[in-house]
Amino acid sequence: MSCPSPDQLDQLADGTASTELRATILDHAAGCDECRSVIDALLATSAEVGTMAPAVRGVVIDEALPDQIERYQVRRVLGRGAMGVVYAAHDPELDREVAVKVTWVRPQSAEPRLRREAQALARLAHPNVVRIYDVGLHDGQTYFAMELVDGANLREWLRTPRTLGEILAVLVPAARGLAAAHAAGLIHRDFKPDNVLIAKSG
């Protein structure tokens, strides 16, 4: 099995993964340091930690809202997922509101890859791709500062009945943004309604 998707990791964390999927993910994690660290973080408060390989080391996830992540002043939590937590924050240096994502991936071997991906995204200028402003380390974890989209995700947006034309007017630009990322050599791997953001401005 290749590395599990964030959606599969979410299923493992919330207990909805099938017995077969759970076994497959844990078998894969036994030989993948990065996935083992992520799964350890997800299951840190679960009895399932005891079933993991002895090489798994505990990762403490601080649920308290941090005051600051480097220079960024944290306002509130925007969302949590299998790979990290996203905060709304203020950048006092440039006096703007940003989103800061802190990943739960700790291995040093993963940090250079995350940094390369952030650099590639920062070079990608497309109206349907969230802009990356900064990347760095905070308490041993990689963080990304990026454009803060004032709006809702696609799942929330679709709760209101929409016409086919309205839906296509959102999905086609989203697909163009995804294609632009792929053309830059970046594979999203978790394109789903929760990860498509629609600004209030449209």
Side-chain angles (χ1 to χ4, degrees), residues 5-7 9-10 13-14 38 61 63-105 113-138 141-202:
S5 69
D7 187 53
L9 290 172
D10 278 336
D14 64 20
V38 172
I61 302 174
E63 290 293 341
L65 188 71
D67 292 326
Q68 200 140 333
I69 297 170
E70 298 308 304
R71 77 174 192 251
Y72 303 101
Q73 300 165 349
V74 176
R75 305 291 202 208
R76 66 189 187 280
V77 173
L78 290 175
R80 288 184 175 87
M83 301 304 288
V85 57
V86 182
Y87 302 99
H90 179 71
D91 179 355
E93 193 169 306
L94 297 176
D95 191 24
R96 65 181 173 188
E97 302 305 304
V98 297
V100 178
K101 179 175 183 177
V102 179
T103 71
W104 289 336
V105 179
R113 176 182 61 78
L114 292 171
R115 186 175 290 271
R116 284 194 304 271
E117 290 182 356
Q119 289 169 340
L121 272 173
R123 291 192 297 267
L124 178 60
H126 192 279
N128 303 119
V129 177
V130 169
R131 287 173 291 172
I132 301 289
Y133 300 137
D134 188 19
V135 61
L137 286 176
H138 178 74
Q141 293 169 288
T142 301
Y143 73 85
F144 304 92
M146 54 193 149
E147 178 183 2
L148 178 63
V149 178
D150 182 17
N153 65 41
L154 180 59
R155 187 180 303 280
E156 294 165 343
W157 185 80
L158 285 171
R159 287 185 183 135
T160 298
R162 309 284 180 179
T163 66
L164 178 59
E166 288 174 321
I167 293 170
L168 288 176
V170 166
L171 292 184
V172 170
R176 288 180 180 143
L178 183 64
H182 287 177
L186 295 163
I187 307 302
H188 194 291
R189 293 177 56 186
D190 194 32
F191 190 77
K192 60 185 180 182
D194 298 304
N195 290 336
V196 176
L197 303 176
I198 304 165
K200 288 179 180 177
S201 64

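All residue numbers in this chain count up from 1 along the given sequence.
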With sequence neighbours excluded, what pairs up with Asn195 under the side chain to side chain donor-acceptor pair (under 3.5 Å) test? Asp190
Worked verdict on Val196 versus Trp157 for side chain to side chain contact (heavy atoms under 4.5 Å, CB included): CA-CA 10 Å; Val196 176; Trp157 185 80; over 6 Å; no
Kindly compute the distance separating CG (Asn153) from CD1 (Ile198), expressed to the nearest 0.5 Å. 8.0 Å
Applying side chain to side chain contact (heavy atoms under 4.5 Å, CB included), run through Asp134 and Arg71 and close with a yes or a no. CA-CA 11 Å; Asp134 188 19; Arg71 77 174 192 251; 4.1 Å; yes
Separation between CZ of Arg131 and OH of Tyr133, rounded to the nearest 0.5 Å: 4.0 Å
Heavy atoms of Ala89 and Val74 approach each other most closely as CB-CA, 4.1 Å
Just distance, no hydrogens or angles: give the donor-acceptor pairs under 3.5 Å from side chains in residues 163-175, sequence neighbours left out.
residue, atom, partner, partner atom, Å
Thr163, OG1, Glu166, N, 3.1
Thr163, OG1, Glu166, OE1, 3.4
Glu166, OE1, Thr163, N, 2.8

Please report the shortest heavy-atom distance between Ala184 and Leu124, naming the atom on each side. CB-CD1, 4.4 Å
Closest non-hydrogen atoms of His182 and Ile187, given as atom of the first, atom of the second and distance, are CD2-CA, 3.8 Å
Taking atom CZ of Arg75 as the centre, does the number of heavy atoms from other residues, nucleotides or ligands within less than 6.0 Å exceed 12? yes
Between Ala120 and Leu186 the two heavy atoms that sit nearest each other are CB-CD1, 3.9 Å
Roughly how far apart are Arg155 CZ and Lys192 NZ, rounded to 0.5 Å? 7.5 Å
How far apart are the closest heavy atoms of Val129 and Gly177, and which atoms are they? CG2-O, 3.4 Å
To the closest 0.5 Å, what do you measure between CG (Leu178) and CZ (Phe191)? 5.0 Å
Check whether any side-chain heavy atom of Asp95 sits under 4.5 Å from a side-chain heavy atom of His90, and report yes or no. yes
Check whether any side-chain N or O of Arg176 sits under 3.5 Å from a backbone N or O of Pro127 as a donor-acceptor pair, and report yes or no. no
Rounded to the nearest 0.5 Å, what separates atom CG in Leu78 from atom OH in Tyr87? 10.5 Å
Looking at CG of Leu121 and NE2 of His126, how far apart are the two atoms once the value is rounded to the nearest 0.5 Å? 12.5 Å
